[in-house]
Amino acid sequence: MSEIRKTYSPVEVESKWYAYWLENKFFHSEPNAAKKPFTIVIPPPNVTGVLHMGHMLNNTIQDVLIRKARMEGKEACWVPGTDHASIATEAKVVALLREQGIKKSDLSRDKFLEHAWVWKEKYGGIILEQLKKLGASCDWERTRFTMEENLSEAVIEVFNKLHTDGMIYRGFRMVNWDPEGKTALSDEEVIHKEVQSKLYYIKYQVVGSDEFAVVATTRPETILGDTAVCIHPKDDRWKHLKGKKVIVPLINKEIPIIEDEYVDLEFGTGCLKVTPAHDVNDYQLGQKHGLEVIDIMNNDGTFNENAQLYVGLDRFKVRKEISAELEEKGFLTKTDNITNNVGYSERTNAVVEPRLSLQWFVNMRSFMDKHPEVLSSVMNDEIKLHPAKFKNTYKHWIDNIKDWCISRQLWWGQRIPAWYLSDGKYVVALNETEALEKAKTLTGNASITLADLKQDEDVLDTWFSSWLWPISVFDGFKDPKNKDIDYYYPTNDLVTAPEILFFWVARMVMAGYAFRGEKPFSNVYLTGIVRDKQGRKMSKSLGNSPDPLDLITKFGADGVRFGMLLSSPAGNDLLFDDKYCEQGRNFTNKLWNAFRLIKGWEVDTNLPYINEAPVEWLNAKINASLVEIEDHFSKYRLSDALMSVYKLVWDDLCSWYLEMIKPEYDRELDKSLPIDEQTYLKTLAIFEKVLKIVHPFMPFITEELWHDIKERDAKDCVIIAEWPTVTDSKETEISILSFVETTLKPAINTINSHIQKNNLKRTSKLKSLFIVPANATNPTEYKTAESFLPYISKLSKCDFEIEILHKENQQFQQFYPYSINSNYQVQIEKENNLDSEAEKDRLEKELVYAKGFLISVEKKLNNEKFVQNAAASVLDNEKQKQQDAISKIKSIEEALKELVA
């Protein structure tokens, strides 16, 4: 083996091993009847996207899960891919064409799509290549795209099926309109933000009198589309206006005063302007009262001829100008500053405009009536949400579900498979040939040709392809019984963000039950939002989001993965600080230096095996840590699992075990003494086991060290090494674990504290005695204590003579006693230079603290509410604290008596 480098070089190691994993096809999966499948489908990032911190978190979590499953011997399959992202991609292409002096309106649909595909091929795979830098072990041979042929065919098939089943309809309805994207949006694509606005109070003169009705509105520009003013039938302030008319300011149009209990008596003036074409609630009022609907805006948010005034101006410019004109002409009485919720397009960030439009919809209530499992599967944990708090959010959305507007006024996307005849009738079909046959049947005219049909210009909502993702990536629509869909579906885990719980997660559940008759996945891990140290969501606009690739260059991929995971409890937002990545880099260096230490030892095959106790302890500790880690994984607490791994390596392996077993340093020879062969080999075996446990979290350094341990075959890699299994703990292991954690470690810390406080030299010849109470001693415990005695001097770096004596056989006057726990004391021999008064003062302070601690514990145990509600393990823990405190108080009181004797 070559000599281990002094420092770890992430850049060199990461590129080397990622290429090696790809070359050996460790990421690739095929159905294997001898193995249990473990499947994750990636939340497909937009083809417009580049790697951001949310992607880093999401994909690190997925990679940890898939790597662990692979090591557990499962057929692990992580399917990558990208989403065609209709609105975002079309906007990118339009902007690119504009830079070239080309307008979309000057192009045919086919020519525009040519440009779009060129753009996609050039830029669409960037984010997937970036994910490789993170170490994502996706099966890249299975990469899919939501607009590739098979997946698009699946979309068209589903549209046809739902239309045939009466679940899809076409209707003229109020929708969310994006004036920048010039397309309709679903409710879930509208992001509501609190903004500072103005409330405008406007006078409408009552016809035939000098009186005015005053309305309050945040949108004065829409008065040009008003068709009524509404009052509450029980509002005494305005009941005298019943049946009268008012005049709309500036355009002098008479509109009726209507009555409806919808009016909020507490808001504004009690008079409500009704603009049916530009407000969802106003539209419903208009339908109820038979009001005229006047659409005053174009699809880009400018005013049209119906407005009469400000034609061609943008809506926000109109707001500014009309408010000034209303004030100038005496119609605007006052304005108030208010905070209100405004809807923004999730893709373009344009303020959404309610607009009446002819669109395609999925009847979601009928869908849910047909597939109640969509809700019940989540509520009964057949599909588990992690954390479970999102179950109530999910239920609320399902209970209040609205029809899904699925048509978009774009060219990039799956075109709606509807063909229209000249009389407005239409047919829905899988393709042109089928459409022509259906049109002939519909009209009874066999002479109709394709030239008589015109396909719908709109495309389908991007989410209408994404909701099929777990099925379509395995070609489950093209061939519902193919080997991939039968083997990999349903998938196991989905890792995504709570903000697309309804956009995507709920709809995938719907698609799973509707088109496969079963759930699409078993677990949904919902990540939090990555925020900066001030709690602000990271974004390009704020400039507070680091470039993930820069972080990887600075701290290494393993360090960044560590930093992301350590600060990311499921479902809770994380405050990202690159100090966590620095901590991750330090952890990689710790592993590296620990291995360099081990490999630097000289081995002497003639030396006896003397380190059986620490070897047994660390193996028992690894087993106990595995129990803890597996529990965290089962509950999707990955940050907690990583912390358990971190403590195992940093504390138990490096700070304790290696310090116990490392050879003494010979100052005369100026080198370390040799180590026995058995300890060395067992330590390497332990290190291998530790590398396996660390690997899912930090794959690169673990693979590098795995191959530095010894020469290996090409396929002998940690990425496919067997995950360590938990074994049943033996009595000796339990005894060793208990002794080291509760006695040895506290004893060493106590001795070091004693030496430091009393300014003793480490070379002082002291005599230390473990005092074992007779009533707590058993043969196993006694043997365990004896086996660790040689490590007391070694770990405290002092020259001690050590014995174990029973309390009743020993006089204590010449010792300083320290209580370690209810079973053990450490007695340290007094020195002439020790200050008895100082020791007395220390013991008295310790006694006060111990008594105060006992009081706090007993308050809990005397609290009936606490005792009734606390878990049994919590109660047992508090009772143990009580016994330890009582024992400690007794020990300190005895020590004080002996000190003054």
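One-based numbering along the sequence shown.
Separation of atoms NZ (Lys384) and CG (Asp493) is listed at 11.0 Å; rounding is to 0.5 Å. Rounding to the nearest 0.5 Å gives a distance of 10.0 Å between OG of Ser137 and CG of Leu22. Note that NZ of Lys647 is 10.0 Å distant from OG of Ser625, once rounded to the nearest 0.5 Å. We find the CG-CD distance between Leu737 and Glu733 to be 7.0 Å, quoted to the nearest 0.5 Å. To the nearest 0.5 Å, atoms CG (Leu638) and CG (Leu566) are separated by 11.5 Å. Atom CG in Asp558 sits 11.5 Å away from atom SG in Cys581 (nearest 0.5 Å).
Glu677 and Thr605 share no side-chain donor-acceptor pair at under 3.5 Å. No donor-acceptor contact under 3.5 angstrom links the side chains of Tyr8 and Asn593, judged on distance only.
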### Task
Kindly indicate, with the supporting measurements, whether the criterion ring pair (Phe, Tyr, Trp, His ring centres under 6.0 Å) is fulfilled by Tyr18 and Phe27.
CA-CA 10 Å; Tyr18 201 85; Phe27 302 162; 5.4 Å; yes

#### Entry: Full working for salt bridge (Lys or Arg N to Asp or Glu O under 4.0 Å) between Glu141 and Lys25
CA-CA 9 Å; Glu141 295 177 43; Lys25 295 185 177 293; 3.0 Å; yes

### Query
Under the salt bridge (Lys or Arg N to Asp or Glu O under 4.0 Å) criterion, do Glu703 and Lys692 qualify, and how do the steps go?
CA-CA 9 Å; Glu703 193 70 83; Lys692 292 178 185 179; over 6 Å; no

### Query
Can Lys881 and Glu878 be said to form a salt bridge (Lys or Arg N to Asp or Glu O under 4.0 Å), step by step?
CA-CA 5 Å; Lys881 287 181 184 177; Glu878 293 300 320; 3.3 Å; yes

### Message
Could you go through Lys635 and Glu630, starting from their C-alpha distance and side-chain angles, then the distance that decides it, and tell me whether this counts as salt bridge (Lys or Arg N to Asp or Glu O under 4.0 Å)?
### Response
CA-CA 9 Å; Lys635 296 168 182 171; Glu630 293 289 6; over 6 Å; no

### Task
Please lay out, stage by stage, how Ile42 and Leu131 fare under the test side-chain contact (heavy atoms from CB on, under 4.5 Å).
CA-CA 11 Å; Ile42 201 170; Leu131 285 177; 3.9 Å; yes

#### Entry: Criterion side-chain contact (heavy atoms from CB on, under 4.5 Å) on Glu382 and Lys519, from CA distance to verdict
CA-CA 8 Å; Glu382 185 180 350; Lys519 63 185 180 182; 3.9 Å; yes

#### Entry: Full working for ring pair (Phe, Tyr, Trp, His ring centres under 6.0 Å) between Trp723 and His695
CA-CA 10 Å; Trp723 179 258; His695 176 77; 9.3 Å; no

#### Entry: Evaluation steps, side-chain contact (heavy atoms from CB on, under 4.5 Å), between Val495 and Tyr525
CA-CA 5 Å; Val495 182; Tyr525 181 111; 4.1 Å; yes

### Query
How far apart are the C-alpha atoms of Tyr580 and Phe562, what are their side-chain angles, what is the distance that settles it, and do they pass the ring pair (Phe, Tyr, Trp, His ring centres under 6.0 Å) test?
CA-CA 7 Å; Tyr580 295 118; Phe562 180 98; 8.8 Å; no

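Across all their heavy atoms, Leu744 and Phe788 have their closest contact at CD2-CD2, 3.8 Å. Taking all atoms of both residues into account, the shortest heavy-atom contact from Val867 to Lys860 is CG2-O, 4.1 Å. Closest of all the heavy-atom pairs between Pro614 and Met660 is CB-SD, 3.5 Å. Summarising the geometry of Gly559 relative to Thr588, their closest heavy-atom pair is N-CG2, 4.5 Å, with the distance given to 0.1 Å.
Residue pairs satisfying the salt bridge (charged side-chain N to carboxylate O under 4.0 Å, His left out) criterion with at least one member in residues 735-748, sequence neighbours excluded, are listed as follows: Lys621-Glu741, Asp652-Lys745, Glu741-Lys745.
Residues Glu704 and Lys16 are paired through a salt bridge, judged by an N-O separation under 4.0 Å between the basic side chain and the carboxylate.
For the pair Lys132 and Trp140, the distance from NZ or CZ to the six-membered ring centre is under 6.0 Å and the angle to the ring normal is within 45 degrees. The cationic group of Lys662 does not satisfy the cation-pi geometry with Trp601, failing either the under 6.0 Å distance to the six-membered ring centre or the 45° limit from the ring axis. In this structure, Arg67 forms a cation-pi arrangement with Trp21, its terminal cationic atom sitting closer than 6.0 Å to the ring centre and no more than 45° off the ring axis.
Using the six-membered ring where Trp is involved, Tyr488 and Phe474 have ring planes that are parallel, under 30° apart on the 30 and 60° scheme.
Atom NZ of Lys133 is surrounded by 12 or fewer heavy atoms from other residues, nucleotides or ligands within 6.0 Å.
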